[in-house]
Q: 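Submitted below is the structure of interest, expressed as structure tokens.
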Amino acid sequence: MKPLQPDTLIHNPNGQPIVSSMVIDCHATRLWNMVGQFAGFDAFIPALTHIEMTGTGVGALRTKFFRDGNRVVEQLNSRDEHAMHMTWTTIYNTLGVARLWAAIKVEALGAHCSRVTWTIIADPIDTAQAGFEQFVQGFADGALDNVRRLLGKR
């Protein structure tokens, strides 16, 4: 009998990157203070009721609770406050996603203008699932549009 060997269920996805990017009329630090808070995505994603955190910093887990009853557990992989970017991986979900890796970054474009870019690479559980990429793209675009409405000049 062979001895047990190290293994894991966490694997990076193989799908094509889905990118949502938006220029927003606000200072980059203000934008990062919203989208760069791993525990605070419920501030700009209305589909979330709340987020529960386990731990802090890189390696922390967040559980996102959706209004429709779905849940997603994600681990923070990296976060750079100065460079204004972070990455995370989904480790459990009820949304039909097999694997998901995501990154968000903020770039200053001027004193009162900045760009947020959200990149998602995801694989559906059912590879024949029609509309998966469009669903992910629409979710990210809608979230960033909410950020623009919350922070952009009125």
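Computed from heavy atoms alone, side chains included, the values below leave out hydrogens, waters and symmetry copies.
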Q: Once rounded to the nearest 0.5 Å, what's the spacing between atom CG of L95 and atom CG of N70?
A: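 Between L95 CG and N70 CG, I get 4.5 Å after rounding to 0.5 Å.
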Q: Should D42 and T49 count as side-chain neighbours, where that means a heavy-atom distance under 4.5 Å?
A: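 Not in contact.
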Q: Given the rule that I, L, V, M, F, W and Y join up when any side-chain heavy atoms are under 4.5 Å apart, are L150 and I51 in one cluster?
A: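 Hydrophobic grouping puts L150 with I51.
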Q: Between R115 and S21 (side chain of the first, backbone of the second, donor and acceptor by atom type, cut-off under 3.5 Å), is there such a pair?
A: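 Checked: no pair found.
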Q: Walk me through it: do V116 and I104 pass the test side-chain contact (heavy atoms from CB on, under 4.5 Å)?
A: CA-CA 7 Å; V116 56; I104 203 158; 3.9 Å; yes
Q: Which pair of heavy atoms, one from R67 and one from P46, lies closest together, and at what distance?
A: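 Here R67 and P46 meet closest at NE-O, 2.7 Å.
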Q: So, do I45 and F139 sit near enough that their side-chain heavy atoms are less than 4.5 Å apart?
A: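 A side-chain contact under 4.5 Å exists here.
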Q: Apply side-chain contact (heavy atoms from CB on, under 4.5 Å) to residues L100 and T89 and explain how you reach the verdict.
A: CA-CA 6 Å; L100 183 143; T89 302; over 6 Å; no
Q: Would you kindly say whether E81 and W32 are connected by a side-chain donor-acceptor distance under 3.5 Å?
A: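 Side-chain D/A pair, E81 to W32: present.
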Q: To the nearest 0.5 Å, what is the distance between CG (L9) and CD1 (I91)?
A: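 Rounded to the nearest 0.5 Å, the CG-CD1 separation comes out at 10.5 Å.
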Q: Treating H11 as the side-chain partner and T8 as the backbone partner, does any N or O pair qualify as donor plus acceptor under 3.5 Å?
A: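 Flag set: sc H11 to bb T8 pair under 3.5 Å.
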Q: May I have the step-by-step check of side-chain contact (heavy atoms from CB on, under 4.5 Å) for T90 and V73, ending in yes or no?
A: CA-CA 6 Å; T90 297; V73 179; over 6 Å; no
Q: Are L76 and M53 joined in one hydrophobic group, where the rule is that I, L, V, M, F, W and Y side chains link up if heavy atoms are under 4.5 Å apart?
A: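 Same cluster.
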Q: Is the closest side-chain heavy-atom distance between V97 and D123 below 4.5 Å?
A: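 A side-chain contact is absent here, since even the closest heavy-atom pair is not under 4.5 Å.
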Q: Nearest 0.5 angstrom please: L31 CG to S114 OG, how far?
A: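 It comes to 4.5 Å.
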Q: Does some side-chain heavy atom of V106 sit less than 4.5 Å from a side-chain heavy atom of V35?
A: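 They are in contact (side-chain heavy atoms under 4.5 Å apart), so the answer is yes.
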Q: Do you know the tightest heavy-atom contact between G96 and F132?
A: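 Answer, listing the atom of G96 first, then F132: O-CE1, 4.3 Å.
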Q: Shortest non-hydrogen contact from Q137 to I18?
A: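 Taking Q137 first and I18 second, the nearest heavy atoms are OE1-CG2, 3.1 Å.
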Q: Ring-plane angle category for H112 and H27, please: parallel below 30°, perpendicular beyond 60°, tilted otherwise.
A: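 H112 and H27: perpendicular rings.
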Q: Where is the tightest heavy-atom contact between W118 and A102, given as atom of each residue plus distance?
A: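 Closest approach of W118 to A102: NE1-CB, 3.9 Å.
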Q: Could you tell me whether the side chain of I120 reaches within less than 4.5 Å of the side chain of W101, counting heavy atoms only?
A: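 A side-chain contact is absent here, since even the closest heavy-atom pair is not under 4.5 Å.
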Q: To the nearest 0.5 Å, how far apart are CG in L48 and CZ in R71?
A: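 CZ of R71 is found 12.5 Å from CG of L48.
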Q: What is the distance from atom SG of C26 to atom CZ of R148, rounded to the nearest 0.5 Å?
A: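 That separation rounds to 11.5 Å.
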Q: Give a yes or no answer on whether the side chain of T117 reaches the backbone of K105 with a donor-acceptor pair at less than 3.5 Å.
A: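 Flag not set: sc T117 to bb K105 has no pair under 3.5 Å.
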Q: Does Q16 reach the side chain of I121, with side-chain heavy atoms less than 4.5 Å apart?
A: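 Sidechains of I121 and Q16: no contact.
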Q: Determine whether the side chains of N146 and R149 contain a donor N or O and an acceptor N or O closer than 3.5 Å.
A: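 Short answer, yes.
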Q: Kindly determine whether M86 and D80 satisfy side-chain contact (heavy atoms from CB on, under 4.5 Å), including the steps that lead there.
A: CA-CA 6 Å; M86 68 179 174; D80 187 320; over 6 Å; no
Q: May I have the list of side-chain donor-acceptor pairs in residues 57-66 shorter than 3.5 Å, sequence neighbours left out?
A:
residue : atom : partner : partner atom : Å
R62     : NE   : E74     : OE1          : 2.7
R62     : NH1  : F38     : O            : 2.7
R62     : NH2  : E74     : OE1          : 2.8
K64     : NZ   : E74     : OE1          : 3.3

